[in-house]
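Report on one structure; see the data block that follows.
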Amino acid sequence: MVGTIIENSLENQMLIVMKLNAARSDVDRVKRTIENLGWVPHEIPGQLRLAIGITGNSGKVDAETFLNLPGVVDAIPVSKPFKLVSRDVKPENTVVSVGAEAIGGNRLAVIAGPCSVESRDQILDIAVTLKELGVTFLRGGAYKPRTSPYSFQGLKEKALEYLKEARTATGLKIVTEVKDTETLPMAADCADVLQIGARNMHNYSLLEAVGDLRKPVLLKRSFAATIEELLMSAEYILNGGNYDVILCERGIRTFEPATRNTLDLNALPIIKKLSHLPIIVDPSHGIGVWDAVMPMSLAAIAAGADGLIIEVHPDPASALSDGYQSLKPSKFRTLLDKLDQIAAVMGRTFREIPHPVDAA
Ligand code: PEP
Ligand code: MN
């Protein structure tokens, strides 16, 4: 019985592939046909072909309906439970544009900053330092989903104001976490990239809400989620029409107590095979101790990550959250110097002007 249900649901998934340079009118006809059946078409442009994904169908999609339409070259069943995030649907890598910056292209993206925005001075100072180091994205939590209700919960709207000031002062793009649907309008108004934290990866209302936005989303893997569950959560966002999703591996919970989490670098080649979405790595939460962040950062890039998100704090000992895994700017600088070298080995670009390796 269960097998039948799974088989049926796979039968229901279909991708319409258009001829190279198909006329616009042919593409629109296919989309209208899908809409007339009560389903939702998703145009997926690629370098070699344009494909049209179908969502919203509960019954079987009949390939013949589409194969007879002008401009259609193929109607192929999608063999995965996820559709829009799948490489079956879009063979080329997705590059997410964030203003003049991008995540998922040849250039590695480094997002750095404190776990939490703690004061105006703290975030402005670190933003200036990071800018000087060639970083292009600033992270900082405003709404903090903490395990303990007694831990620092973030400066909330005040933090968002400080982040905006930091962007104006430095031009850095802002990455900040959205904790719930109630505070989404405020977080979205500030963020260049909205972060969905590990604890919210299964918050389907929030996934649907960010799917309605036209703003890049950084979706972190839950510490208890499989790769497939992460991709299904991303599917929620794409299904809403927001195709600008960046995945993030940030460590999973295993039986090993020596580190906060186990950074699952296995996920990188697997996800790259399954999905066209960019994926970055968070070694700070992944391993949870500052002096292990550098080796895991380098390993992540060597394993094919499109970038990193790293916690950097001017004074980790006094940090209000995650100080033990935060790098001082001096250590972070050494890490970036090494990243210049690893990036070159991997055939990727990184900082516009590689900084000289620090001799100290
Ligand atoms: C964070 O980035 O500070 C954070 C809370 O991360 P995660 O959701 O991965 O635990
Ligand atoms: Mn943190």
Side-chain angles (χ1 to χ4, degrees), residues 103 109-118 122-123 126 130 135 137-149 151-156 159-160 163 173-180 183 187 190-203 206-207 210 216-225 227 229-230 233-234 237 245-254 259-265 267 279-290 292-293 296-297 300 305 307-328 332:
I103 303 180
V110 174
I111 303 167
C115 179
S116 305
V117 177
E118 298 170 0
Q122 175 233 26
I123 199 71
I126 198 76
L130 294 171
V135 165
F137 293 90
L138 174 68
R139 64 151 290 151
Y143 305 97
K144 296 299 301 176
R146 305 303 301 279
T147 304
S148 164
S151 300
F152 177 59
Q153 303 286 315
L155 295 182
K156 305 184 167 78
L160 297 175
L163 284 168
K173 301 290 178 203
I174 303 299
V175 181
T176 196
E177 179 167 355
V178 51
K179 193 168 127 246
D180 45 44
T183 52
C190 169
D192 296 296
V193 177
L194 269 173
Q195 177 177 326
I196 302 237
R199 289 157 192 79
N200 264 320
M201 193 207 86
H202 295 293
N203 183 341
L206 189 57
L207 297 176
V210 297
V217 174
L218 175 63
L219 176 65
K220 296 184 101 179
R221 179 182 180 185
S222 159
F223 40 73
I227 289 169
E229 286 165 339
L230 170 65
S233 288
I237 304 172
V245 174
I246 304 132
L247 305 171
C248 179
E249 162 57 39
R250 48 77 73 210
I252 52 173
R253 198 167 270 176
T254 68
T259 53
R260 181 175 180 180
N261 290 291
T262 297
L263 188 63
D264 182 16
L265 293 184
I279 176 158
I280 68 167
V281 167
D282 174 349
S284 307
H285 293 84
I287 195 152
V289 273
W290 71 267
V293 167
M296 299 319 289
S297 300
L308 298 164
I309 177 166
I310 299 180
E311 288 185 337
V312 181
H313 193 287
D315 179 19
S318 68
L320 298 180
S321 60
D322 287 351
Y324 43 87
Q325 66 190 33
S326 299
L327 293 178
K328 289 181 182 161
F332 181 60

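Note that this is a predicted model, so its numbers are computed, not measured. Note that these values count all heavy atoms, side chains included, but never hydrogens, waters or copies made by symmetry. Read the numbers this way: they start at 1 and go in the same order the structure lists the ligands and their atoms.
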P283 and its side-chain contact (heavy atoms from CB on, under 4.5 Å) partner, picked from V293, I309, L327: V293

Proximity winner for atom 2 (O) of ligand 1, if only heavy atoms of R139, E311, R221, M201 are counted: R139

Atom 9 (O) of ligand 1 - nearest protein heavy atom and its distance: R250 NE, 2.6 Å

N/O donor-acceptor pair under 3.5 Å between D282 side chain and C248 backbone: no

Atom indices of ligand 1, in the order listed, that fall short of 4.0 Å to a heavy atom of G197: 8 (O)

E249 side-chain N/O to A267 backbone N/O, donor-acceptor pair under 3.5 Å: no

Atom nearest to the Mn ion (ligand 2) - H285, N, O or S atoms considered: NE2

N/O separation below 3.5 Å, R199 to ligand 1: yes

Presence of salt bridge, E177 and R139, under 4.0 angstrom: no

S222 side-chain N/O to M201 backbone N/O, donor-acceptor pair under 3.5 Å: no

N/O/S atom name from E311 that is nearest to the position of the Mn ion (ligand 2): OE2

Note: D322-K144 ion pair, threshold 4.0 Å (strictly below): no

Protein heavy atom at shortest distance from atom 6 (O) of ligand 1: K220 NZ, 2.9 Å

Proximal ligand 1 atoms for Q195, defined as those under 4.0 Å from one of its heavy atoms: 1 (C), 2 (O)

Minimum-distance atom from the Mn ion (ligand 2) among N, O or S atoms of D322: OD2

Atom 5 (C) of ligand 1: the protein heavy-atom neighbour that sits closest, reported with distance to 0.1 Å: E177 OE1, 3.8 Å

Contact (N/O only, under 3.5 Å) between A198 and ligand 1: yes

Which residue and heavy atom of the protein sit nearest atom 4 (C) of ligand 1, plus the separation: H285 NE2, 3.4 Å

